[in-house]
Amino acid sequence: MRILLTVKYWALLTLALLLPSFGTAAALCPRPSIQLPAGTLSQALIFLGQQCNISVLVEASAASHYVLAEQTLRSDSGQFEAALQQLLFELPFKYERISPTSVAVITADKRKHSAVKPSIHSTEEVTVTGQRLTGSHLHHSHLDRYPPVDALTRKQLEMTGAQTVADLLKFLPAISGNFTSTSVSQEGDGTATVSLRGLPASNTLVLLNGRRIISDGFKGEATDLNSIPLPMVERIEILKDGAFAIYGSDAIAGVVNIILQRDFEGLKTSSYYGQSQENDRQTKSHHLTWGWQGDRSHLLLSLAQYQQEAVMSRDRSVSDSADSRPNGGLDQRSSAIPGGFIALSDSTVITNTITGDYQDWISEDRFNYSEFTSAIAPLDNNSLYLTGDVDIGDNAFLFAEIMGVHTLAESIMAPTPVFTRFDNDNFTITSENIYNAFSQDITDLRRRLIEIGPRKQTNRITTWRFNSGLKGLWQDWQWELGAAYQYTEKTETLSNLVDPSALALGLKGPDQCNPDVGCIAINLLGPSGSISTEQQDFIRGDSVNNSDSQMTAVTLVADATLAHLTSGKIGAAAGIELRREAIDSLSDSSEAVSFIGGHAPGTTKGSRIIREAFTEVSIPLTEQLWLDGALRLSHYNDFGSTSNPKLALRWKPFSALMIRGSFATGFRAPTLTDVKQQSYLSQVTIIDPCSYNPPDFLPGCTKQADSSLIEHLTEFGGNPNLKPETSKNLSLGITWTPASLKGLKATFDLYDIQQENVIGSDPKLLVEQNARSGLFDDKVIRDENGDISRIFATRLNQGNREVQGYDIALRYNAQHGHAGHFRLAFNISHILHHLKQVTPESQKEDLSGTFVGGTSGEAGSLPKWKANAGIYWNKSPWKAAYTMHYVGPVEETFTQGRSLTSRDIEDWSTHDLQFAVTPHKKLRLAIGVNNLLNQSPPLAATATHHNYDYRTYDITGRFWYGSFSLKL
């Protein structure tokens, strides 16, 4: 929040800028022009000062209530005063230089000009001090060249056409890996998470208005981006650097700070509609914002609605079949088929035909579940945001925020499969079962229960956030005391499942299953359709899982200038925070055993209290060299105390070049879910290397496993014996703004992140290591036939990880006379290596440039290269934008026959276009197309669902949309 009150006779609106101010007020502006957004004169001066490296002081009562249209200021010579004169032309203001790096704008007279909209002057003046940039608690004029921060403004957000925060972030180069789910596929649960550097989402901190927010309910590991409506967002700042010392334990990979709209007056409405080339994924959104400005207070109300329809797997060529062998992939169809996979005692395997006869089962009889599944789930999101502040005198004011978000998502899965041999109960079809004509017990039957219908997963999520506090100015200290309470309620319902107790009883003979005990015999041995309505009703089950998460926090933070040296100002900040986190998650399944065909996240109940103190300082050693330091002391009532520092140097050898470097340590305590979650069971699709290799080929294989078995019973859950993760972060960056090419800014940032005691839950990794190296034989349990009977994938400290890479960003702004204003942008992220060491004794494996996909603990796609580039044009009233997204090639490895096979997943790029017009300053119209060339995502043979990595690519195809906004 940028507004602080003062009661001086005529107080000044101080615009503390975030760019270096060493230099003069003569020639620091971008050339050849500066594009000013619409807003108040105060906002225009803030923006102009930031662009030109100048501190601006102005009478608040005169400037903060003048509304100006969007305009372009000429700055061919780069002189600030020339640009300022254009801004103040014919306005009742004049300016005076009060130092080489600051200018005062004062009232020339009291006349009102018809070109602006005057408002009643405040009875008290205000002091605007600017805002803290993500990555520091200091109001410091040099911070934007210290940490590597990418900022996306409101206008840039509009030009993307994105309607959710997750869609906006998904293709950013610094974001990669298995942690950017956007409520898609069978694993979709209505939530969306994000991660930087290919690290888990729990390593990336998401802030809302600079404040910590609650994590997702069931998982309890990361913030749900779907709880932050994009239409309410003013800008997004992405800190691509470790910030544990600044913000806390989950900022190891970086920070995504989402800032919501605040300074708005009037009434604005906007609507959006889009759909794919295939006439699906129909998307609608509506947004209404109302703002009121009084003499001593401000109030803003925002309402938003978002609706997204489904994309079915069968409607895209890449995902229409689980058998991708024709395209160079694997056959991942299921052996659980409508006619039944029936294994007899003499090793004969048969199946039913449509006519009810039996025939030998062959691999081509496998079931294509992609006929039923949704690749993109329907999503309905409604939100409310109310914020206000009021002057209470004595250099302080009160602020408050309330946000409520409700999300409804529904994904579709194929009908429930039953594996009598491998499910967690006694599902033997006894010889006495009235439908068993084989006169023998059947222990291995795999049946797809088409009769019950497709499974549906419905997620309802309600989140409330309350933030309130005081901000003020005491002597030279700016302070903020805030209190927050956040609550998330999540309900997950899975329907058309199978009750294991009912099924187990229904497979027995009449002595156990009869009408007297309310049992109905189940005919699993008949052809498809043999399960009657009465039988269906007896075994059908619905699973309901509920989760409540709460976070309460009290924070006090203050910063000030401690001293003035000849080389500059010493800035310091300090603060304390007391936080309580709690989770209460309950499943209706008995003893944590899921209904067949579903999953029941194990009961999680617990809380913790975190007490933290932090401090930060910035010292100008010379006029060209700065030292920045931070320290955070943390105490967890369940994991003890830790202290973690961060040190950084910034060196500016000459005006066009800034070199920065930093070192930090990190500490991430296991989440409450990591520690407290009780065990639960689920079927996980994994291809066992032992099923494709003779037993003497791999050390962990005692016998050749059944190749038709690709779904394995897996136990997940928490681990109270986990150790905290620790990390070390190194970074080195360069910013170059050459005087010979005005408007160009280039940055290079190198990073190295080393983590120990990494917490994970990866059943596929356990199976692979067990087969290839003989490890984890206590986690991967095999029966006498060499088949996997159960996988224990409870969380554990899996070893160490090191990620190293660099980012390059280029920005160029140019004004070409009557041709208008052009902005060119290019971002690229390159992973040098992503080393993973499963155990201290095992070799390090480099995952960079690979895809390891499927289950929750895997890395996903880690392309070595990821980039985007764009050209943006503006000549009032017209705007146009072109953006290209690029994901580099990756390699996947799997066992086929007696050999380890590697396969290239080709690179992928999409092209987005948007055209917009503002026929009136209050009206904006836009049309656009995403994925102009209709590029399908590349095939990933080992992807668990849909044959592609849905976390990295988009299956939608060409997508058209239109939008309008109107300010009344």
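Values below: all heavy atoms of this structure, side chains included; hydrogens, waters and symmetry mates excluded. Quantities reported herein were computed from a predicted structural model and do not represent experimental measurements.
For the atom pair Leu625 CG and Trp651 CH2, the distance stands at 8.5 Å (nearest 0.5 Å). Gln755 CD to Leu835 CG: the interatomic distance, rounded to the nearest 0.5 Å, is 12.0 Å. The CD1 atom of Ile759 lies 4.5 Å from the CD atom of Glu725; values are rounded to the nearest 0.5 Å. Note that OH of Tyr812 and CG of Leu741 are 5.0 Å apart. Values are rounded to the nearest 0.5 Å. The NE2 atom of His885 sits 10.0 Å away from the NE2 atom of His911 when rounded to the nearest 0.5 Å. Rounded to the nearest 0.5 angstrom, Asn729 CG and Tyr751 OH are separated by 11.5 Å.
For the 3.5 Å distance criterion, the side chains of Gln754 and Asp752 qualify, holding a donor opposite an acceptor. With no hydrogens or angles considered, no side-chain donor-acceptor pair links Asn813 and Gln35 at under 3.5 Å. Side-chain contact check for Ser634 and Thr642: no donor-acceptor pair (N or O, by modelled atom type) lies under 3.5 Å. Under the 3.5 Å distance criterion, with hydrogens and angles disregarded, no donor-acceptor pair is assigned to the side chains of Thr910 and Gln935. Inspection of the Asp224 and Ser227 side chains reveals no N or O donor paired with an N or O acceptor under 3.5 Å.
Across Ser861 and Phe851, no two heavy atoms sit closer than the pair OG-CD1, 3.2 Å. The two residues Leu565 and Pro620 have their closest heavy-atom pair at CD1-O, 4.0 Å. Of all heavy-atom pairs spanning Leu633 and Ser643, the tightest one is CD2-CB, 3.3 Å. Gly629 and Leu647 get closest at one heavy-atom pair: CA-CD2, 4.1 Å. In terms of heavy-atom proximity, Ala83 sits nearest to Leu48 at CB-CD1, 4.1 Å. Taking all atoms of both residues into account, the shortest heavy-atom contact from Ala669 to Pro724 is CA-CB, 4.2 Å.
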Could you go through the side chain to side chain donor-acceptor pair (under 3.5 Å) check for Asp628 and Ser618 one step at a time? CA-CA 4 Å; Asp628 301 287; Ser618 179; 2.6 Å; yes
Can you check side chain to side chain contact (heavy atoms under 4.5 Å, CB included) on Leu199 and Thr204, steps first, answer last? CA-CA 8 Å; Leu199 300 180; Thr204 296; 5.9 Å; no
Between Phe244 and Leu205, is a side chain to side chain contact (heavy atoms under 4.5 Å, CB included) present by the stated rule, with each step listed? CA-CA 9 Å; Phe244 176 90; Leu205 175 64; over 6 Å; no
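More than 12 heavy atoms of other residues, nucleotides or ligands sit less than 6.0 Å from atom CD of Glu891.
The shortest side-chain heavy-atom distance between Thr665 and Pro645 falls under the 4.5 Å cut-off. In this structure, the side chains of Lys646 and Asn644 stay at 4.5 Å or more apart for every pair of heavy atoms. Under the 4.5 Å side-chain criterion, counting only non-hydrogen atoms from C-beta, Pro200 is in contact with Arg801. Inter-residue side-chain proximity for Leu649 and Leu627 is flagged as met; some heavy-atom pair is nearer than 4.5 Å. Side-chain contact between Asn827 and Asp807: absent, with no pair of heavy atoms (C-beta onward) separated by less than 4.5 Å. Two residues are said to be in side-chain contact when any heavy atoms from C-beta on lie closer than 4.5 Å; Ile246 and Phe614 fail this criterion. Between Ile213 and Ile228 there is a side-chain heavy-atom pair separated by less than 4.5 Å. Inter-residue side-chain proximity for Ser567 and Leu621 is flagged as unmet; no heavy-atom pair is nearer than 4.5 Å.
Panel note: side chain Asp559, backbone Ala573; no donor-acceptor pair is recorded below 3.5 Å. In this structure, Asp904 contributes its side chain and Glu906 its backbone to no donor-acceptor pair below 3.5 Å. Side chain of Lys240 to backbone of Gly254: no donor-acceptor contact under 3.5 angstrom is found.
A salt bridge between Glu612 and Arg579 is present, with a side-chain N of the basic residue lying under 4.0 Å from a carboxylate O of the acidic one.
Between Trp873 and Phe822, the angle of the ring planes lies from 30° to 60°, which puts this pair in the tilted group. The aromatic rings of Trp908 and Phe171 sit tilted, their planes meeting at an angle between 30° and 60°.
Partner of Thr735 under the side chain to side chain donor-acceptor pair (under 3.5 Å) criterion, out of Arg660, Lys652, Arg650: Arg660 alone. Exactly one residue among Leu207, Asn209, Val206 makes a side chain to side chain contact (heavy atoms under 4.5 Å, CB included) with Ile258. That residue is Val206.
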